[in-house]
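Accompanying notes for the structure given below.
As the structure lists them, so they are numbered: ligands from 1, and atoms in each ligand from 1. Atoms considered below: every heavy atom in the structure, side chains included; atoms not considered: hydrogens, waters and symmetry mates.
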Amino acid sequence: PLKSMAKLAAVASILAASFNVFAEPVEIKFSHVVAENTPKGQMALKFKELIEQRLPGEYVVNVFPNSQLFGDNNELAALLLNDVQFVAPSLSKFERYTKKLQIFDLPFLFEDMAAVDRFQQSDAGQKLLNSMNRKGVVGLGYLHNGMKQFSANDPLELPKDANGKKFRIMASDVIAAQFDAVGAIPVKKPFSEVFTLLQTRAIDGQENTWSNIYSKKFYEVQSYITESNHGVLDYMVVTSNTFWKSLPADKRAIFKSSLEEAITLGNSIAAEKGNKDKQTILDSGRSELVTLTPADRQQWVNAMKPVWAKFEDQIGKDMINAAQAANT
Ligand code: LMR
């Protein structure tokens with residue numbers, strides 16, 4: 001009887017292994033730095049929903065918002081250590097992995113989000129998804145947030161108004177040069193610290209999209225928001241080569257298509273939220289809107305556009321031309 005029980009146990013374990021019946025689902029982590037009520041927050045939750053629906057019992061996706069698990073300073077390193085499987089940093093935060101994505105930070109390059117989208121979907125834009133492959137980072141797709149606005153304690157109408165003021169920026173040399181160009185002092189800080197830096201007046205201002213200014217309550221601690229639309233804040237959803245290659249091909253295809261669907265939802269939220277969050281901020285009366293006349297805006301363009309030339313060699317003139325072509 002002992003022998004037949006052992007046989008039975010062996011058969012059961014082979015069955016269990018082949019049908020995966022007793023196996024625990026594999027945990028996938030998605031970490032990000034923004035709130036849940038944002039394009040990225042909603043995209044990540046949709047991705048979780050789709051994976052768990054399409055690969056039930058095989059995978060669970062745990063989403064960690066608000067820099068809870070990893071923040072700006074360590075999320076990409078954590079990805080390469082396979083401590084997290086998906087992150088979606090803003091395109092400004094990949095500088096240590098590639099200089100090519102700096103194109104997205106050039107001030108006044110894209111006229112609007114439609115132009116950004118056309119460039120991202122073009123051959124040139126799609127090529128950039130592979131720009132970090134050699135570093136082990138796999139670009140899976142772009143996600144929109146929106147155009148950036150300036151906020152500050154004082155109204156910023158002309159470039160001279162920024163002179164001598166401290167601005168929190170993302171860790172991007174292009175954005176640093178953009179603020180240098182108007183005599184301001186750029187301070188690179190992680191997103192998780194921005195509210196406190198503004199509240200304590202350790203810094204005077206910052207630049208961000210309407211949905212980030214709203215969901216992180218920056219508007220409660222900044223008296224003025226200048227509607228400058230001077231640059232884009234978008235994301236790349238990335239995974240590591242190690243994790244991506246470890247997935248069986250059929251599962252990888254499901255991950256890919258689910259992510260694409262989640263991104264489509266995120267993009268529609270981005271388009272909608274820009275206006276909605278702007279209106280909520282203005283209705284609150286906590287922040288005053290500064291609207292630029294075309295002549296005033298042109299002064300910002302004239303002051304900041306020379307930054308392009310400084311980064312042209314690193315980014316590539318062809319890329320810049322391709323991006324400009326997307327404006328028409
Ligand atoms: C920022 O640091 O301001 C943004 O990149 C945050 C984000 O992910 O939208």
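The salt bridge (Lys or Arg N to Asp or Glu O under 4.0 Å) with K93 is formed by just one residue from the set D105, D72, D173, D234; it is D72.
Ion pairing of E227 with K278 is present here, as a side-chain N (NZ or NE/NH1/NH2) and a carboxylate O approach within less than 4.0 Å. Salt bridge E52/K48: present, at least one basic N to carboxylate O contact under 4.0 Å.
Of all the heavy atoms of Q206, none lies under 4.0 Å from any atom of ligand 1, so neither backbone nor side chain is involved. By the criterion of a heavy-atom distance under 4.0 Å, neither the backbone nor the side chain of T209 is placed next to ligand 1. For T38, no heavy-atom contact with ligand 1 is shorter than 4.0 Å. The proximity of N208 to ligand 1, defined as any non-hydrogen pair under 4.0 Å, is limited to the side chain.
Annotation: side chain of P107 is in contact with side chain of V307 (closest heavy-atom distance under 4.5 Å). Contact of the R252 side chain with the W244 side chain is registered, since non-hydrogen atoms from C-beta on lie closer than 4.5 Å.
In the vicinity of V34, heavy-atom distances shorter than 4.0 Å reach the ligand 1 atoms 6 (C), 7 (C), 8 (O), 9 (O). Residue L233 approaches ligand 1 through these ligand atoms, each under 4.0 Å from one of its heavy atoms: 4 (C), 9 (O). Close contacts between ligand 1 and S90 involve ligand atoms 5 (O) [criterion: under 4.0 Å to a heavy atom].
Residue-ligand proximity: R168 is placed with a non-hydrogen atom under 4.0 Å from ligand 1. For K93, the closest heavy-atom approach to ligand 1 falls below 4.0 Å.
At under 3.5 Å, not a single nitrogen or oxygen of N145, backbone or side chain, sits near a nitrogen or oxygen of ligand 1.
The distance between the ring centers of F179 and F150 falls below 6.0 angstrom. Note: F94 and F104 fail the aromatic proximity criterion, with ring centroids not under 6.0 Å apart.
In this structure, a donor-acceptor pair under 3.5 Å is absent between the side chains of K148 and N212. Under the 3.5 Å distance criterion, with hydrogens and angles disregarded, no donor-acceptor pair is assigned to the side chains of N208 and Q149.
Here the heavy atom of the protein found nearest to atom 9 (O) of ligand 1 is Y235 OH, 2.5 Å. Closest to atom 8 (O) of ligand 1 among all protein heavy atoms lies K40 NZ, 2.7 Å. From the protein, the heavy atom lying nearest to atom 1 (C) of ligand 1 is F191 CD1, 3.3 Å.
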